[in-house]
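What follows is a set of notes on a single structure, which appears directly below.
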Amino acid sequence: PSIVKSLEDAIAQAGGGHNGRKHVVDRAAYLWFNRVIALRFMDANGYTGIGVVSPAADQVGQPEVLALAKRGQVDSEVVKASEAATVFGLLSGSVLPSPGAEAQAEAYALLLRSYCRFWNRAMPSMFEREGDFSELLIPRSLLAEGALLDRACAVLTPEVCEDVEVIGWLYQFYIAERKDVYFKSKKKATSADIPAATQLFTPEWIVRYLTENSLGRLWMLNNPGSSLSDSMEYYIAPEGDESHIEIASADEIRVLDPACGSGHILVYAFDLLFSMYEEEGWLPEDIPSMILQNNLFGLEIDRRAAEIASFALGMKARERDQRFFEHNVDVNVHVLDPVVLESQELDLAPNLVERKALLDAMAHLDEVGSLYVPDPLDEFVLQNELEHMERNDSLFTESAINKLSAMLVNVRALSQSFHCVIANPPYMGIKKNTIWMVNWLKKYYNDAKTDLCTCFVQRSYSYTYIYGYISMITQQGWLFQYRYTTFRLRLLDEKQVITIADLGAHAFESIGGEIVATCMFTISNNINTDGKNTFFINVSSPKSSSAKNDALLRSIETKSFFSHRMDRFKDLPDAAIAYKATDKIIGAYSGECMGDYASCFQGIITGDV
């Protein structure tokens, strides 16, 4: 009954009626897709000990857990005695299946739910707790030929499952149809559209460039004798000394991906951090848990993508530590769920009424996500209201406490600071946003509002410690387009840009044509007082992602860079970052302008030309 009630509540919260039911069914479909894919990956790597969704080794057909159950064998640590009795009864015919169900499929569904509950202890993000209404919505055709289990085992071969990032690729393809539907619709992007519309899996070479020139750079500047640089092909070492944050040990480093998607950047950062810990002499079996507890953080508005990111990091840890699942270490990937206070609930927290920015952002957190910057008093007020509310016996107290607690978790996640912020943020022009979102961006990100990706750049300034690193791949337009002039001027005045790689179009294989031209860069979160030049790499000409990768590696190896002091670009019209311009060309704009002395306009012309 409690599970049914949770299902009814979920439908009501999603708007009720047909739309509410559709939303809940979509949510359950994503959830079971993720679970089956995750279990198949674990089966293929021998982490489950038994084939939960896979046949026994060197066999085809039904999952191994079902085959063993038919022989009267179940794992008593996983399957409760009452459920085991039901499974055996369904398989023997002494228990009738539910109306419309098939006995073997229902028996397997019970086994699958039991294993999901079991793995909840080690991976609560992927395998939700017992009692979740999704148990009622498990697909009935899982055992059918060509269904999800069959296809998962065929596609995710043991060789493919050697790399956990395959799950992120699968998720991108899973939502590809929804992305196509959205872009063909030409409509404004609601909160339900943003994840599919902006989800873009980042190629490995881009991830490595971003991570090695931020996290790797931080390590090398603190450990100049480290051999880590030997394995960082994309690292561009500084010329001479460079001001930086001093760190005493690897366990101090904090890395954030503020729009982490399925976790590709965090996964590679895990590998780099592991090498750092090893250099310091930590025991290899202790390192994975320390990395997940101390170093890596992700924020995301798409719960399904965040589940995959958490799972991927868990698998990286298990790969390095065979006993990792016994530690019950959760991953610091936080889903930014919206929280809306009803009037009766708000009456119980009167001091929140004046905090309109907080209430507004929390209500639209599935749109603004990690762009929201909490006021320093937000956390204090929420804590204070919760303490007073616990002494209130109103009918709405319980729901109000739950919602304020969720808001407090969001505010704390959004109020932290980091040594490195690394991201492939969402790309979406302001015209695609809802009216509410447009007004919010104009209010809080007026200089960067043209595209969400530049808003994320600006937000990263406040996420990052002074002298920390911001490393991102974004749309290219902010380098030179007029509408980004104030954004550029702030960057030139307040930050030290270390490298910019101009990728042009075709950096992403999943995006065809000339649709998205990108650049990637590393910024030090401080004013350039060292007088350093910025290195520019032009790899815009190659017409494929792999060719750009090759060109980038050649440029780094041969040091084929353009080099400029960033403040020189302020002499150019609109402060365009025209990195190909020579010093002579830039200098030509630094003198006096004719317009300072006379008005220039078109004179007499000969006719209709």
Side-chain angles (χ1 to χ4, degrees), residues 210 213-222 224 235-247 252-256 258 371 373 376 415-423 425 444-450 453-474 478-481 484-502 519-537 561-579 581 583 586-587 589-590:
L210 298 177
N213 285 292
S214 51
L215 174 60
R217 190 182 194 89
L218 177 68
W219 182 256
M220 292 306 302
L221 287 171
N222 278 276
Y235 175 53
I236 301 173
E239 293 184 344
D241 296 330
E242 180 177 294
S243 300
H244 60 275
I245 301 174
E246 293 188 4
I247 53 170
E252 294 181 4
I253 301 173
R254 294 166 55 84
V255 179
L256 172 71
L371 290 177
V373 183
S415 301
Q416 300 182 65
S417 297
F418 305 88
H419 295 86
C420 301
V421 175
I422 312 170
Y444 296 104
Y445 288 90
N446 195 49
D447 292 349
K449 65 181 180 296
T450 302
C453 66
T454 41
C455 295
F456 270 84
V457 177
Q458 181 176 318
R459 173 63 172 104
S460 294
Y461 301 161
S462 54
Y463 273 129
T464 313
Y465 294 126
I466 299 300
Y467 290 105
Y469 295 112
I470 299 161
S471 202
M472 292 190 180
I473 177 168
T474 65
W478 67 266
L479 293 175
F480 48 81
Q481 291 176 359
Y484 292 105
T485 300
T486 52
F487 172 81
R488 269 195 303 278
L489 285 170
R490 180 180 178 186
L491 178 71
L492 297 176
D493 286 337
E494 300 178 10
K495 306 300 170 188
Q496 178 182 356
V497 183
I498 295 170
T499 67
I500 296 179
D502 179 4
C519 67
M520 52 187 182
F521 52 87
T522 299
I523 297 170
S524 178
N525 195 26
N526 68 286
I527 299 174
N528 184 2
T529 57
D530 295 336
K532 297 285 188 180
N533 280 5
T534 297
F535 293 140
F536 296 86
I537 309 173
F561 308 142
F562 295 91
S563 180
H564 294 282
R565 273 190 61 98
M566 290 295 285
D567 57 4
R568 294 218 63 193
F569 295 121
K570 289 191 285 187
D571 291 334
L572 296 178
D574 306 322
I577 300 176
Y579 66 89
D583 288 341
I586 295 175
Y589 285 92
S590 62

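Sequential numbering from 1 along the given sequence is applied to the chain's residues.
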Heavy atoms of other groups near Phe480 CZ, more than 12 under 6.0 Å: yes
Can you find a heavy atom in the side chain of [X] that is under 4.5 Å from one in the side chain of [Y]?
X      : Y      : result
Tyr444 : Gln458 : no
Arg459 : Val421 : no
Asn525 : Glu494 : no
His419 : Val255 : no
Val373 : Tyr461 : no
Leu491 : Val457 : no

With Tyr579 via ring pair (Phe, Tyr, Trp, His ring centres under 6.0 Å) - residues at least two apart: Phe536, Phe562
Smallest separation among heavy atoms of Ser417 and Tyr465, with atom names: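 So the two residues come closest at CB-CE2, 3.3 Å.
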Nearest heavy atoms of Tyr469 and Ser214, plus distance in Å: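 Looks like CD1-O, 3.6 Å.
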Asp574: side-chain hydrogen bond (donor to acceptor under 3.5 Å, both in side chains) partners, not counting sequence neighbours: none
is_close_aromatic(His244, Tyr467), centroid dist under 6.0 Å: no
